[in-house]
J.: 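Below is a structure I'd like to ask you about.
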Amino acid sequence: MKIDGTPYRSVWVDEQDRWSVRIIDQTKLPWKIDILRLTDAPAVAHAIRSMQVRGAPLIGAVAAYGLCLSLRQDSSTQAMEDAAATLVQTRPTAVNLRWAIERMLTRLRNTVAGDRVRVAYQEAAAICDEDVAQCEAIGRNGAELIDEAARRKPGKPVNILTHCNAGWLATVDWGTALAPVYMAHDEGLPVHVWVDETRPRIQGAALTAWELGRHGVKHTVISDNAGGHLMQHGEVDLVIVGTDRVTRAGDVANKIGTYLKALAARDNDVPFWVALPSSTIDWTVSDGIGEIPIEERSPTEVTTVTGRALDGSLATVRIAAADSPAANPAFDVTPARLVTGLITERGRCEASEKGLRRLFPERAG
Ligand code: MRU
């Protein structure tokens, strides 16, 4: 996608040295476009843990490059396995991280140490290119829903509510939940997005709103608590969110607060769609509430807010008394029964084992 006319991906290999890894520091957005250069695996682990890069598909892609950087320093099997184990542990909920590292290891374990660096960069690039193609296909498959909604209300904008950031910043390009929005907008359909601010880290207000603005998509930032009210008043035509892990039974883990939006959507007969590439499906688990690990992050993310002070400087301010305890579960699970359907690169399906296996028959058995 473009930032002020210049096309960007959210991760790339430096064009000059052809080995270091470039990312956009998402902790600085929307105030500053800060491009970081990562040169070793610890820097990659730090970037993922501190959320300089975030979003399920993107952390998988960046972790793959983390393994490349580690192999440049030591291509032995032991060092490779150790680096992989460290990278996998950086964030527990998004399964794309494990998926990308396992894919890299499957390729690299069968490669002699002397060839590993070259093969690793090839595989990481393939992961990125496939993610872009899959997200573009998700865009096409999801834009059909927006088109159908537009036909039901000619001349009026289709109002889509989204939570957190599942746009191009969260993937290598296009995004998951936002790919259909971009595709519909580019086709000339009238779209307007309600952007949940997404406390505590504000990925909605800081990232989603910024992305949509750069692409010229109409949007409005709302507080996390406003969605139910808007649905009651007919102001939301459909909800589209991304996800960090979908079980084979169709349960969906996504940013904390997603479940509440699904409950409100069900109560108001608003379709609730979840967009994902197949790398987000965890075929090894079925019961999302019981089996998906939920990341617990620092309580200070809840008791503080970071923003730009009136003098232009970045400031972090406390919003709770210094001695108030806080808890910070970062994700929740929306049961499949509340999900209208899944939008994947292979098409749409019901959120169920039957639905997923219909689209991915090679997973049968
Ligand atoms: O904690 P984050 O910002 O990495 O959480 C991201 C989300 O919950 C996204 O909705 C998810 O990764 C969607 S996939 C593009």
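We count ligands from 1, going down the list as the structure has it; atoms in each ligand are counted the same way. Keep in mind that the numbers below use all heavy atoms, side chains included, and drop hydrogens, waters and symmetry copies. The residues of the chain are indexed from 1 along the displayed sequence. From a predicted model like this one, the values you see are computed outputs, not experimental measurements.
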J.: Regarding Arg18 and the six-membered ring of Trp12, is the cationic atom NZ or CZ under 6.0 Å from the ring centre and inside 45° of its axis?
T.: no
J.: Which protein residues have a heavy atom under 4.0 Å from ligand 1?
T.: Met51, Arg54, Gly55, Ala56, Pro57, Arg91, Cys164, Asn165, Ala166, Ala170, Thr171, Thr176, Gln203, Gly242, Thr243, Asp244, Asn254, Lys255, Phe331
J.: If you measure only the distance, is there a donor-acceptor pair under 3.5 Å linking the side chains of Ser76 and Asp74?
T.: yes
J.: In terms of the angle between their ring planes, are Trp194 and His192 parallel, tilted or perpendicular, with boundaries placed at 30° and 60°?
T.: perpendicular
J.: Check whether the ring centres of His215 and His185 lie less than 6.0 Å apart, and answer yes or no.
T.: yes
J.: What residues, two or more places apart in sequence or in another chain, satisfy side chain to side chain contact (heavy atoms under 4.5 Å, CB included) together with Glu291?
T.: Val285, Ser286, Asp287
J.: Between the side chain of Thr306 and the main-chain N/O of Thr316, is any donor-acceptor distance below 3.5 Å?
T.: no
